[in-house]
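A short write-up of the structure that comes next.
Keep in mind that what you see is a predicted model, and the values were worked out from it rather than measured. The basis for the numbers below is simple: all heavy atoms, side chains too, and nothing from hydrogens, waters or symmetry mates.
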Number of protein chains: 2
Amino acid sequence: MYIHIFVTMRIEDEIKQEKFSSEYTKLLINLVYTGNRISFKTNEILKEKNLTLQQYNVLRILRGQHPNPATVNMIIDRMLDKMSNASRIVDKLELKKLAQRTMNKEDKRCADVHITSKGLDLLLELDEKVKVNERSVIHLTLKEVKTLNDLLDKLRG
Amino acid sequence: MYIHIFVTMRIEDEIKQEKFSSEYTKLLINLVYTGNRISFKTNEILKEKNLTLQQYNVLRILRGQHPNPATVNMIIDRMLDKMSNASRIVDKLELKKLAQRTMNKEDKRCADVHITSKGLDLLLELDEKVKVNERSVIHLTLKEVKTLNDLLDKLRG
DNA sequence: ACATAATATATGTATATACATATATTTGTA
DNA sequence: TACAAATATATGTATATACATATATTATGT
């Protein structure tokens, strides 16, 4: 017999704030806090492979295009954090031989960016760990997850 | 007559990813993306006053204690991003005369941190703008906001 | 009381990030 | 065609962040 006990900790308790001025205020803080928490846990996994979250995300974007190349502009467009410097993240990936730039024949301004086979292997190693992490981080039923996804999509308007 | 049209953009469209491997994967990305988006918009407001999001949050923690002091440790405990360096954020606030350190009599290891009247004034100026921003960023009804808060609390487990 | 562990904070350092600006190329237009 | 505007990317620089380590003080066990 298994007994699962889930203790739900309200955001008020997590950050020791007795009361928020409104549910909206609370939501902003709840979202940022939960987002940070998740990023932190994912980072723990990536650290073992010497990858940052940003580098990992770019690598996944590159895999999404593979065997076609992406451009830096396409990467910026698809990144979660639009402000970060895609060009320098690609620099880092190139340095680690996980990605490679080639010149775009049609438009010489563009740099084509490919994922290397070393990059593909690394992602493959991470896929399973990341999936296990997802489940352990999210203490919700599938139905709740769907509701949450819909609400977040609506939130952004 | 006012006509409000809200166009809901799914996370798939926002970051141009056709399909996620599961609703759980989608949720992780949705959360981090939405959190970043909100942080970004809040930052836009704070930039006018030359504050970073972290500095603002620490300042609010200090106000929450006022007229009592906080300690650096208490700040770390209540911060959204546990990894950041509270000590150096307090340095920055002190440099701007928004906060002040004094020595704790009982425990000489602790630094008591107070918010200054300049700090209180600055927060007061920001309160209204931040509240307006909250409402404009969150395109949800109060009931939906409550559901979302509960789900996020449950998610973290 | 003394040594050791634990705690609170600060600092050093490498890397990452935000933002402004530079460079190269392509596009639009008079 | 020539020239300004737009686009794609890269780079310079100040600041922020993550992580390890140092320092000072207090708590704890013998």
Side-chain angles (χ1 to χ4, degrees), chain A residues 32 35-37 39-48 50-59 61-62 69-96 99-114, chain B residues 32 35-37 39-48 50-59 61-62 69-96 99-114:
Chain A
V32 173
N36 282 344
R37 171 90 89 86
S39 297
F40 180 79
K41 295 219 175 164
T42 311
N43 244 323
E44 301 249 286
I45 295 171
L46 299 178
K47 235 177 348 194
E48 292 167 33
N50 220 357
L51 273 184
T52 66
L53 196 56
Q54 303 270 34
Q55 289 167 9
Y56 174 65
N57 285 330
V58 168
L59 216 47
I61 291 167
L62 294 180
T71 64
V72 172
N73 212 29
M74 183 190 287
I75 294 169
I76 291 171
D77 205 38
R78 296 176 182 218
M79 278 177 76
L80 303 187
D81 183 350
K82 306 289 185 198
M83 274 300 100
S84 67
N85 200 324
S87 177
R88 267 191 274 232
I89 293 174
V90 173
D91 286 353
K92 284 286 140 85
L93 294 176
E94 243 187 331
L95 218 65
K96 296 178 195 177
Q100 193 178 17
R101 265 185 262 239
T102 57
M103 199 222 268
N104 184 309
K105 304 276 171 173
E106 272 90 63
D107 186 340
K108 283 175 191 162
R109 291 171 304 179
C110 300
D112 282 344
V113 187
H114 306 258
Chain B
V32 173
N36 282 345
R37 171 92 89 85
S39 297
F40 180 80
K41 296 218 175 166
T42 311
N43 244 324
E44 301 248 288
I45 295 170
L46 300 177
K47 236 180 341 197
E48 293 167 32
N50 220 358
L51 274 184
T52 66
L53 195 55
Q54 303 270 33
Q55 289 167 11
Y56 174 65
N57 286 330
V58 169
L59 218 44
I61 290 166
L62 294 180
T71 64
V72 172
N73 211 28
M74 185 191 286
I75 293 168
I76 292 170
D77 206 38
R78 297 177 181 217
M79 280 179 73
L80 302 187
D81 183 350
K82 306 289 184 200
M83 274 299 101
S84 66
N85 198 326
S87 176
R88 266 191 275 235
I89 293 174
V90 173
D91 286 352
K92 284 285 138 84
L93 294 176
E94 244 188 331
L95 218 65
K96 295 179 194 178
Q100 194 178 17
R101 264 185 263 237
T102 57
M103 200 221 266
N104 185 308
K105 304 276 169 172
E106 272 90 65
D107 188 339
K108 283 176 190 160
R109 289 170 305 180
C110 299
D112 281 345
V113 187
H114 304 259

Can you tell me the distance, in whole Å, between the CG atom of A:N50 and the C1' atom of D:dC19? 13 Å

Whole Å only: how far is the NZ atom of B:K96 from the C1' atom of D:dA16? 12 Å

Flag the pair A:V113 / A:T71 as yes when at least one side-chain heavy-atom distance between them is below 4.5 Å, and no otherwise. no

Closer than 4.0 angstrom, basic N to acidic O: yes or no for B:E44 and B:K47? yes

Separation of atom CG in A:D77 from atom C1' in D:dT7, rounded to whole Å: 14 Å

Rounded to whole Å, please give me the gap between CG in B:L53 and P in D:dA16. 13 Å

What residues form a salt bridge (Lys or Arg N to Asp or Glu O under 4.0 Å) with A:R101, not counting sequence neighbours? A:D91, A:E94

Between A:N43 (CG) and D:dT17 (P), how many Å, whole number? 14 Å

Set of salt bridge (Lys or Arg N to Asp or Glu O under 4.0 Å) partners for A:E106, sequence neighbours left out: none

Given the rule in the side chain to side chain contact (heavy atoms under 4.5 Å, CB included) test, do A:S87 and A:V90 qualify, once you have shown the distances and angles that lead to the verdict? CA-CA 5 Å; A:S87 177; A:V90 173; 5.9 Å; no

Select one nucleotide: of C:dA10, C:dA16, D:dA16, the one nearest the side-chain heavy atoms of B:Q55. D:dA16

Would you say the side chain of A:Q55 lies within less than 4.5 Å of the side chain of A:L59, judging by non-hydrogen atoms? no

Within this structure, what is the CE-to-C1' distance between A:M79 and C:dT17, rounded to whole angstrom? 11 Å

Atom CG of B:L95 and atom C1' of D:dT15: how far apart are they, to the nearest Å? 13 Å

Give the residues of residues 102-109 of chain B touching DNA chain D, defined as any heavy atom closer than 4.0 Å, sorted by residue number. B:E106, B:D107, B:K108, B:R109

Would you indicate which nucleotide in C:dT9, D:dT13, C:dA16 comes nearest to any side-chain atom of A:R88? D:dT13

With a 4.0 Å limit, can you tell me whether B:K92 has a side-chain N or O closer than that to the phosphate oxygens OP1/OP2 of D:dT15? no

Indicate yes or no: at least one non-hydrogen side-chain atom of B:V58 is less than 4.5 angstrom from one of B:R78. no

Quick check on DNA chain D: between A:K47 and A:M74, whose nearest nucleotide comes earlier from the 5' end? A:M74

Check whether any side-chain nitrogen or oxygen of A:N85 sits under 4.0 Å from OP1 or OP2 of C:dT17, and answer yes or no. no

Between P of D:dA8 and CZ of A:R101, the distance in whole Å: 16 Å

Would you tell me if any nitrogen or oxygen in the side chain of B:Q54 comes within less than 4.0 Å of OP1 or OP2 on D:dT17? yes

